[in-house]
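Just so it is clear, the model here is predicted, and its values are computed rather than measured. Numbers here simply count residues along the sequence, with the first being 1.
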Amino acid sequence: MRKEIENWWKQAEADLRTAENSFRNKDYYASVFWCQQSVEKGLKAVILSKLKEKIIGHSLIYLGKTAGIPENYISKLKKLSPQYFLSRYPDASEDIPYELYDKNISDLFLKIAKEVLLWTKNQLK
């Protein structure tokens, strides 16, 4: 694996660990944000591996389609993608981000992130 791809992949794994740590600490909004970040970086690693080009952007839907992710993952990416903004900015939803998330919601996003990262890992083998 090329160093640049490996760097994206290792950061994706680290971001997932941060999401899990945030979940354990009941910082659910942070867990959701790091789930989005881990998936974004995992997909970027796959794109870099397959297309040999770096891609810019945060849309998990666009990144997933560019990476060639199976269709059954797209609806999951649609749920996770907007969390990039919603989990951080009060003006994105007109609510306080940390109040938008609870254990069940955060757990759902952790499951999605783990599932997508498993797919990305298999693509990088």
Which heavy atom of Ser106 sits nearest to which heavy atom of Ser31, and what is that distance?
OG-OG, 3.1 Å
Looking at CG of Leu108 and CG of Asp102, how far apart are the two atoms once the value is rounded to the nearest 0.5 Å?
10.5 Å
Okay, side chain of Asp107, backbone of Lys103: is any donor-acceptor separation there less than 3.5 Å?
no
For Lys10, does the NZ atom have more than 12 heavy-atom neighbours from other residues, nucleotides or ligands under 6.0 Å away?
no
Heavy-atom donor-acceptor pair, Gln36 side chain to Val32 backbone, under 3.5 Å:
no
Establish, from distance only, whether the side-chain atoms of Glu40 and Tyr84 form a donor-acceptor pair under 3.5 Å.
no
Atom pair CG (Leu118) and NZ (Lys114), whose distance is rounded to the nearest 0.5 Å:
11.5 Å
So, the side chain of Asn25 versus the backbone of Asp27: is there a donor-acceptor pair under 3.5 Å, distance only?
no
Could you give the distance from CG (Leu63) to CD1 (Ile47), rounded to the nearest 0.5 Å?
4.5 Å
What residue pairs, at least two apart or across chains, pass ring pair (Phe, Tyr, Trp, His ring centres under 6.0 Å) with a residue in residues 14-51?
Phe23-Tyr28
Does Ser81 use its side chain to pair, donor to acceptor, with the backbone of Lys78 at less than 3.5 Å?
no
Hey, does the side chain of Ser49 reach the backbone of Ala45 with a donor-acceptor pair shorter than 3.5 angstrom?
no
Could you report the tightest heavy-atom contact between Pro70 and Trp119, atom names first, then the distance?
CD-NE1, 3.2 Å
Could you see if Leu100 belongs to whatever hydrophobic cluster contains Tyr89? Use Ile, Leu, Val, Met, Phe, Trp, Tyr and a side-chain cutoff under 4.5 Å.
no
Hydrogens and angles aside, do Glu13 and Trp9 bring a side-chain donor and acceptor to less than 3.5 Å of each other?
yes
With distance as the sole criterion, is a donor-acceptor pair present between the side chains of Gln11 and Asn7 under 3.5 Å?
no
To the nearest 0.5 Å, what is the distance between OG (Ser75) and CG (Leu80)?
11.5 Å
Apply side chain to side chain contact (heavy atoms under 4.5 Å, CB included) to residues Leu110 and Leu16 and explain how you reach the verdict.
CA-CA 8 Å; Leu110 266 174; Leu16 183 61; 4.1 Å; yes
